[in-house]
Amino acid sequence: MPAVRRLITGSGEGGEDTFVAVETVKPQSSHVALYGIIGWNGWPQLPIEDGNQFTPTSSFPARSETGVRVSVVDMPPGPIMSPHLATGNLPVDGRFVEYRPNGMHRTDTVDVIFVIDGQVRLTAEDGTSEVLRPGDCVVQNGRTHSWDNDSEATCRLGFVIFSAEPRA
C-alpha cells in the first residue's frame with residue numbers, strides 16, 4: 001500500500017491560505033494499521049491553525065466528549081477484530097461498548113466508511129453480509145457488526161467517526 005499522507009490547510013505567515021502541514025502519517029497499531037489523520041474532542045472552530053491540530057490517539061472520541069475521528073485503516077487478509085482487540089493492539093476507548101469473541105462489536109458512534117482499495121466483508125449481527133469494494137460507502141449506525149478480509153490482499157478503508165449518544 002502507498003504511504004498515507006496528511007495535508008492540512010491553514011494561514012501562512014502573511015495571512016494567506018496555504019498548507020500548514022504536508023507529512024507522512026505512521027500507523028498507530030500493528031496488525032490492523034490505523035493511521036490517525038485528524039480528530040477533535042468537541043467540535044472544531046475555524047480557522048484551525050498550526051498548533052491547534054489534533055492527531056487522535058484513539059480510534060473513537062472519548063465517552064465524555066462530543067467529537068470526530070478521521071482515519072485510514074489497512075485491514076490485512078483474515079478475520080480483523082477478534083484476536084487483535086482482545087490483545088489491545090487497537091487504540092480504543094469508552095465508545096467501544098461491546099465486544100464478542102467472534103469479532104462482533106458495537107460502538108456508540110456513527111461511522112462513515114469509504115473503501116479506497118481492495119475488498120472486505122462487513123457482517124451484521126443477523127448474519128447477513130456484504131462484500132465491499134472500491135467506491136462503496138457504508139454508514140454504520142452504532143449497530144453490531146464484524147469485519148473480515150476474505151481476499152488475499154490488504155484492504156484500505158477511510159473512516160470518519162462521529163460520537164453519538166444511545167437513546168434511553
Can you find a heavy atom in the side chain of [X] that is under 4.5 Å from one in the side chain of [Y]?
X: Asp17; Y: Thr9; result: no
X: Arg69; Y: Asn41; result: yes
X: Leu157; Y: Trp147; result: yes
X: Ile113; Y: Val73; result: no
X: Cys137; Y: Val112; result: yes
X: Pro77; Y: Thr154; result: yes
X: Thr109; Y: Phe159; result: no
X: His145; Y: Glu125; result: no

Measure across [X] and [Y] and return the closest heavy-atom pair with its distance rounded to 0.1 Å.
X: Ala3; Y: Thr24; result: CB-CG2, 4.0 Å
X: Ser71; Y: Gly36; result: CB-CA, 4.3 Å
X: Pro134; Y: Gly118; result: CD-O, 3.1 Å

Option passing side chain to side chain contact (heavy atoms under 4.5 Å, CB included) with Ser129 (candidates Asp148, Leu122, Thr123): Thr123

Over-ring placement of Arg6 relative to Tyr35, 6.0 Å and 45° cut-offs: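 That pair does not qualify as a cation-pi contact.
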
Shared ILVMFWY cluster between [X] and [Y], side chains joined below 4.5 angstrom?
X: Ile161; Y: Ile116; result: no
X: Met75; Y: Val138; result: yes
X: Val20; Y: Val70; result: yes

Cluster companions of Leu7 among Ile, Leu, Val, Met, Phe, Trp, Tyr (side-chain spacing under 4.5 Å): Phe19, Val22

Which residues share a side-chain contact (heavy atoms from CB on, under 4.5 Å) with Gln119, sequence neighbours left out: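 Partners of Gln119 under the side-chain contact (heavy atoms from CB on, under 4.5 Å) test: Val131, Arg133, Ser151.
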
side-chain contact (heavy atoms from CB on, under 4.5 Å) against Asp126, all qualifying residues, sequence neighbours excluded: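 Applying side-chain contact (heavy atoms from CB on, under 4.5 Å) to Asp126 gives Ala124, Thr128.
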
Donor-acceptor contact below 3.5 Å, side chain Glu23 vs main chain Ala21: no

Exceeds 12 heavy-atom contacts within 6.0 angstrom, atom CD of Glu152: no

